[in-house]
Trainee: 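My questions will all concern the structure given below.
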Amino acid sequence: MADNNKKPLLEIRNLKTYFYTEDGVVKAVDGVDLEVYPGEVLGLVGESGCGKSVTSLAIMRLISKPGKIVDGEIIFDGRDLVKLGEPELMKIRGNRISMIFQQPQSALNPVFRVADQIGEVLEVHQSLGKRAGDARAIELLKLVGMPDAESRAKSFPHELSGGQAQRVMIAMGLACVPDMLIADEPTTALDVTIQAQILNLIRDMREKFGSSVILITHDLGVIAEMAERVAVMYAGEIVEQADVIPLFQKPIHPYTKGLIGSIPVLGRVRDQLDVIPGSVPNLVNLPPGCRFAPRCQARKEYNLSICTEKRPALHDFEPGHKVRCWLYQDDEQHVAPLKAKKTAKEKK
Amino acid sequence: MSANMKVAELTGEEITIQERTPFQIVMMRFRKHRLAMAALVVITLIFMLTLFAPYLANFEVTEISVGDYFLPFGAVDEDTGRVHYLGTDNIGRDYFSRLIFAGRVSLTVALISVLISETTGVIIGAISGYYGGALDNVLMRFVEFMLTIPSLPLLLIISSMLLANEDLIPIPAIVLNTFGKIMLLNPRDTRSAVLIIMVLAGFGWLGSAQLMRGMVLQIKQQTFVEAARSLGASNTWIIFKHMIPNAMAPIIVSASLGLAGYVVAEAALAFLGFGIQDPVPTWGNMLSATQTFMMDKPWLPLVPGLPIFICSLSFNYIGDGLRDALDPRLKM
Amino acid sequence: MNTLSQKPERKPDLLVIKDLVKYFPIRGGLFKRTKAMVKAVDEVSFTIREGETLGLVGESGCGKTTLGRCILRLVEPTSGSINFMGQELTELRPRAMKELRREMQIIFQDPIASLDPRMPIGNSVVEGLAIQNIGTSKERFEIAINMLRKVGLEDYHARRYPHEFSGGQRQRIGIARALTLQPKFLVCDEPVSALDVSIQSQVLNILKELQRELGLTYLFIAHNLSVVEHISDRVAVMYLGKIVEVTSRKELYLNPLHPYTKALLAAIPIPDPTIKRERLVLKGDVPSPVNPPSGCRFHTRCPFVFDHCSQETPPLREVHPDHWAACWLVE
Amino acid sequence: MVAYLVRRVLQMILVVFISAIASFALLSLAPGGPLAGLRQTPATSRFYISAEDIARIRTKYDLDLTIPVRFTRWLIGVPRGPLVINGKEYFGDLVVGCRQPIEEEFLNDRGKYETRVTGCSEIVYLRDLTGRSASRGILLGDFGVSWRLLRDRPVSDLIVSRLPKTLQLIGLETLFSILIGVPLGIYSAVKQYSKFDYFFTSLAFMGSAMPTFFFGILMILAFSILPRNAGLPYLPPGLSESVRDYTIPLLGTITAGSASDRVLHLILPVSVLTLVNVAFWSRYIRSSMLEVLRQDYVRTARAKGLRENVVIMKHALRNGLIPFVTIVVFTLPGLFSGAIITESIFSWPGMGRLYLLALGDSDYPVAMAVFFIIAVLTVIATLLRDILYTVVDPRIRLK
Amino acid sequence: MKQNRFMLVLGLLVVASMVLAACQPGPVATPEVIIETVEREAYTTPHPILSDVRVRQAMAYCTNKLELVQSVYPLAPEAQQQELVLNTMMRGGHWAYAGDENITIYPFDPAAGAALLDEAGWTLAEGATVRSNADGETLNIKFTTTTAAFRQTWAAVWEQQMEACGIDILRLHVPASWWFGDTTGLARRDFELGAFAWVGQVDPGGVTLYSCDQIPSPANGWEGQNYMGWCNEAASTAVKNANNTLILQERIDNYKILQAEFTKDVPSIPLFNRTETFAAVAGLTGFEPISGQEYYLYDVGKWELPGQDTIVLGFTQEPASLFGLVEDAFVAQLALYMVLPGAITTKNYDFQAVYIQDFATIENGGSVLNEVEVKAGDTVVDANGDVVTLEAGMSVKNFAGEIVEFTGDPIKMQQLVSTFKYIDGITWEDGVPLSSADFALSQKIACDPESGATSFYVCDRTAGVVFLTDAVGYTHSWLPGYTDPLYFTPIWGTYPAHRVLADGRVLADVPAVEWATLPEISEQPIGWGPYKLVEWVKGEKLVYEANPYWVFGAPKTPNFVIQIITAESAEALLLGGEVDVLASETLAGLSQTLADAEAAGTIKTWSIAGGTWEHIDISLFIR
């Protein structure tokens, strides 16, 4: 779906964000490359602690102590956000890139009314006055399908349900018609029926405003329904990146495979689910080589020693389908067992 | 895929987090708080000084060198050749010896008060928070009511009553003997110290009871308590095996801050003339006895004033360090 | 693939719930009189058969967790009957209840909160034995070690503290703790919803394996219908304190009768981008259980609502054999 | 809300009542009183205290009545005599006290002799109270008459004379410590673990660790006595105002009782109290701000593109001040009770000193009045706090 | 719901218990558990240790009084320190002092003390530090005194002195409110050894301190101040006789007996006189504190501070009332002295007439001893000094001075009549001259039981008062048989009978019961002294202004302020220039600060021997 000829709206190159804690340096994001094209929905999927939220916060430049962006560039609309000063950033945040969060109720300030919180964005970025801001806020609330928008605008966040609060967040995020909306697990805290509402809303809004969306979630179902392109993250790096259909139909990274195999799917009853043994590595003491190697069944199957020695690079497996795995990549001393097959197949 | 993956095979590399007991973690974090570590060193030093007071002091507490009033630091006793490291006070008592013995009393008073008040507070707070209902209501209303009463005035009244009337609260001889041994005092002189402990602890437990109750209410929400109940645990089991150990962190913090408070409170009572009385030396009554010399011999009040200040500061720092180290928000 | 649910003979009932009610009072006013009731569980009846897994599914606040707690009497039910192995639980005295707790255990949602952070996990696991005064401390420890091994942990883990484990391991410890008393019946209260997907499957597999090995009966509470479908033999759907549909999982998936069940099924995102489904998206939020809607509680959100729905509460009826539903539409 | 308030007020009344009982009981048990020291005056040829004199004084101050009767007379001013209905007296011969107790000696179980009252040679009956002066009761605002400090004259006179000075001192101190402590607290929270934070945290600790009495005397020495002797500008060492004009180098002549005179006298005590309390407020604000800064909505505010100081001063502070506002009301009793030690050190004629004097001199009507008012104020502050909570935090509704 | 019901029940319980308690005739209630009723009278069973005179004497020998003085007055010159030491209840130079040769003096002599203790059976075992007796009981004695820093200081030294003699002292510092309480501490003889001070009087008095019938006990309603329980017939008789005669020699002789017995029996160890310390800014003139003169304000009209029109005197205690009948605190007397000074002064323990024409002595005819005949039913003062209605069998002192039994027949007795005339020209501050009516009002109020006056001792012994019409003054007749050692000094004060109150009444018409609360009396009295009180800012200061009508002309300084300060800040305020004078009631002694400041020339200090003397009372009977 991605048109590679199009110029990406956002391009992340070798982004490294580390947290300097008392236990050591947590390499939350360690060399992420990613691009988002205008108008697309990019799904960023991964388990908790894989660095997907940190990546999104890094884009917003909202990493606070003890975290720090240590390397890489985030080029948005031709400018490297990493190098921007606070005043310029302020013009981008909430205006050109906006963000919605996982816990909508705690993401809203409990002591201000809903309309004021939406209006604030307009006040800052569009110099709208209080009254105009309020009117626009109500308009936006109507747009996001808030029932009884006028009176809801006057309520405090705690008076809203989770779904309503997320609508407010979306309204706030869209207030300045941003180029990009980052939705960090927007439905995780919500019930399934409400989740369906919110996902529909995001989809509608994307169509209406034409913004690109980075949808961060751990729910593969949500990704399958929403995303056009998907990046799979594991332990601070992207392990696979492809359009949504190839990714689900033909996942190639052992982690992606395991992930897809491990979730129960409605209507497809299996006696046992697939299992990825072990658990996510500690981001302080990362294994040398491939980060997934300790849990990787394929590594054992093919008896690859390089996996524990050298870190694989994210490379094109197919056009538009990138993977970070020694199964598909050669090295001076190492011949990728599956790459050969693929090329052989292709030749046929 | 390999659906017959055996669960037992999943182990091995799994424990990726370093093996440390909570205690080790706390200690590790505490060590990072430099001021708290410094405070700990200072407090340890002071404790050692007072602990070895009988060996360090070259004079007895009540020993008076007649006429040797206000001797300067390092003065030498002519008859015996012993050194008054910190000089003498207004009636010729060796100031250093008094200071370290006084520290023993002051710190014992603070420690025991904290011990009693925290224990009482923990038990009452735990019972109140755990059982809730009418009992909780009565206990907490009582605590709140006691807290509405300004404590210093009340301390004054009560200590004046208790100090005066020996029969009002008879203290068992064993208590006096034990405390006397700790503080190196004649058991009968110990009475005023024990009374002040009772007075201080009598008010001190209120705060920790509230704290404990809050903690218990919070812990009650945790599922491990429910888990214990589902295993058939009795209330006592839950309170002692789960509630109290889990609530200890803030209690320990409040105890160390409490130590600071008690050291100062004892001194304040002494300053106002309602504290531990003279045959028993404390930093507080040494300070109050010499505060009249503030103008001309400032070191006299300064010498006992400084340890009060330092101890209070150190306990505060230690409390702060412990708070940081025990902060549940930081991951364990 | 599935052999359990297809066994023809009907197994005896292990747990029979009848008209179970749990109201939480809301106090207010001058004398703190009860002003309103949170009707968390309202006249719920169902049965769990020996060796089966009953899935209980519903959105947050629908009362499924309260129901689970009521069965274990961790929450005292307001009224109704809970019959477990022929014993009426609601009438048991504390001592007898303590005895009975060996037979029924619970696994909690939050693996971090459900383990005492100040207790080495070995102690947590033997706690049940210690409380029930079973065996010497040495024997207990052996049982604990065995249990830990059974859930895939090692002996030396017993000395460690919960914070040293990952979420999945903690959940396994939780399972081990529940199983040391060798219960017959296990309430699994959202045991996997706090876990990552890859870990979730580990735990689900273990649960299934243990069931097979030990002949356990589960009440599996979850909000994720696909997980429930995966593990359960029968599924009960709950909405605002009421059970709206109970049937076998196959029946439920193939032939959902209640509109809410249908909506729930439709709302679940399927991890297959090629499937594009007709969506039945419900409007609005779940109403408050304090003042639940009159009649059918679902009528405020039901796309098929008609007049009668708001006037009378539909009873839970056996529409097809072993397929119960509470809706005026299904006659 | 109304029901809540009514319930709270009822509770408050109960608490006040109990605290009245407590304070009364406590001070009735305490030794001393208007008779203390009387026998310490050596009898001379013209002054001799007889038992009859003592009895008369006991009667004058109601000390001959039983404690419950004294309590009700103190609390609500009754009984004042027998109940009179239609001109007929009832309960006239109810025993309410004893003018001349009979004491006897007993050997108690600790082997000590003990004097116990075994009888009464002159019983006070209810009808004897007729015509005896009594206060209208502390509940009606009549605190009775002072025993010692302002002998035989209303306690309220004493309180009224001290209250303005204490309000000045504590009011200013509270104002300054909040004005200084709050920004410091915010700043150290925002710059957590910075040098500034460490510095002020340490300073705050020192402030709270420094005993006031010690600190106060040091301040007098450093800012009053020493500079004055050295011919430098100095601050007055105590009192609330001078009685005559004085000259301070650089400042010139200060007229006694003038505004500048009062201000100069306020500086030292207010500084001492402020320095101690700044510590408290800044620590309080710091921790509450740290808590708030961790919250998601602060991140949201940043994500909106707000300037950092808007994020801090609007979004974070508004929430950080919620616990602060509610604790501020607890300075209310402090405004009344004063600062015992600081007032002593600076000869400040305030309530704290009054209370100390009343205790030292066993002027219990005064002590009880102060005690009672503080308890009432604390109870009121508690209610105010709960009401304020609903004002500052929209999430909280009183039920 | 539950909570509220509980609260209600609680409240009702409290109310109910209070009602019940109120109905209970409290004091008549039976006493609690009694293990054993009294088989031996308390207060008459001798103290096992202290009843032995040898122990008491030993303690006296072991006491180094000079050292005690040095500990509390380290800055006093040695000569003065020596002078402060007391051997008996009188200081060396007093007219009633018996002389060194007539009393037993206990110089500091630990050896003598040790010998006496050995003799008494309290021996020092090998290696022991505390003596013990044959029964193995150790010689430890409880010693009670107040928490005052002054007493803590010398008590610590004394404790060590006793320790050196093998006596173990258990020192208890208790709050003054308990020690001097009405039903606690000293008043109930709740001590073994107890230290406090007697405030010295111009006249030695002493009846209530040393006579046998002044031992407080439950039996006598705790009357008397003989806390030691010392009953020595000879001493008891002597002290009564000394106070029952006007003949100086007779008094001296009787006091000699008292002192001899007192020092022999050692019921109390006299220690030392306190010094009275005064400090004032260097420039102050006219201020001259003198021994014997309690009221250092006696010359306040002459005080002068160059360059200042105001003098500030610091008080650490605020007067409670300026109505002298209800308030006798020294500060109140001083504050009142400014406006209503005493008629006489007592510089150097001698009497000087100031506002009276002369003392009413027998020698100069101002007083006469009339011979009166009394009969049964008359009110007289008996030989014991008590006011009695004469009946047969009572012993009285007849006109000849002999103590006789009243048989019922009329008998001749002495009646003392004194006439006091004030000097001319005394004028109230409002310009109205002082009149005899002002004395009449004073006498009326003082003897009105409603006035709130503390003591009616004088009124009870007054036969009649006649107010002079030819001069300002009165003639006072005492009851037959009463002799007052200070008979020659004025008895009644003055109140402005003419003063019109704020409510329009004239002071003379105001009932006595209102006086204590009358602002014109308790807070704004007018007088005829050197100053008039302009304002009393409670808690802060009393502001005075020169009285233009003062009989001795205008005072040197037009304004005078008594500033209320705290003891903690007193010295700082003096050095900081906020107050000019600090007197003995504020300064516990000379401090280094003051001495340094004096050396630097900024202030001036005085230390004089005061009349107040410290002593240790020894309880001779167990409680």
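In what follows, every chain begins at residue 1, and chains take the letters A, B, ... in the order their sequences are listed.
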Trainee: Sort by residue number and list every residue of residues 207-217 of chain B having at least one heavy atom under 4.5 Å from chain C.
Mentor: none
Trainee: Is it the backbone or the side chain of C:L181 that comes under 4.5 Å from a heavy atom of chain B, or both, or neither?
Mentor: side chain
Trainee: Salt-bridge test for C:E213 and C:K150: reply yes if a basic N is under 4.0 Å from a carboxylate O, no otherwise.
Mentor: yes
Trainee: Which bit of C:M97 is near chain B, if near means a heavy-atom gap under 4.5 Å: side chain, backbone, both or neither?
Mentor: neither
Trainee: What part of C:R102 is in contact with chain B, defined as an atom under 4.5 angstrom from a non-hydrogen atom: side chain, backbone, both or neither?
Mentor: neither
Trainee: So that I can tick it off, tell me whether B:K241 and C:D116 are bridged by a salt bridge, with the cut-off set at under 4.0 angstrom between side-chain N and carboxylate O.
Mentor: no
Trainee: Residues two or more places apart in sequence or in another chain: which of them pass ring-ring contact (aromatic ring centres under 6.0 Å, His included) with B:F315?
Mentor: none
Trainee: Side chains of C:R172 and C:Q202: any donor to acceptor distance under 3.5 Å?
Mentor: yes
Trainee: Please report the closest heavy-atom contact between C:C70 and C:L20, naming both atoms and the distance.
Mentor: CB-CD2, 3.8 Å
Trainee: Looking only at side-chain N and O atoms, does B:Y262 offer a donor or acceptor that is under 3.5 Å from a partner on B:S117?
Mentor: yes
Trainee: Sort out for me which of B:V225, B:I219, B:T223 touches chain C most, counting heavy-atom pairs under 4.5 Å.
Mentor: B:T223
Trainee: Among C:I106, C:D189, C:L115, which residue has the highest count of heavy-atom pairs closer than 4.5 Å to chain B?
Mentor: C:L115
Trainee: What part of C:A178 is in contact with chain B, defined as an atom under 4.5 angstrom from a non-hydrogen atom: side chain, backbone, both or neither?
Mentor: neither
Trainee: Between the side chains of B:N235 and B:Y130, does any donor sit under 3.5 Å from an acceptor?
Mentor: yes
Trainee: Looking only at side chains, do C:E190 and C:T65 share a donor and an acceptor under 3.5 Å apart?
Mentor: no
Trainee: Using 4.0 Å as the upper bound for N to carboxylate O, is an ion pair formed by B:E226 and C:R69?
Mentor: yes
Trainee: Where does C:E127 contact chain B at under 4.5 Å (heavy atoms): side chain, backbone, both or neither?
Mentor: both
Trainee: Could you check which of C:K98, C:E99, C:M104, C:R73 has the highest count of heavy-atom pairs closer than 4.5 Å to chain B?
Mentor: C:K98
Trainee: Angle class for the C:H157/C:F165 ring planes (parallel below 30°, perpendicular above 60°, tilted otherwise)?
Mentor: perpendicular
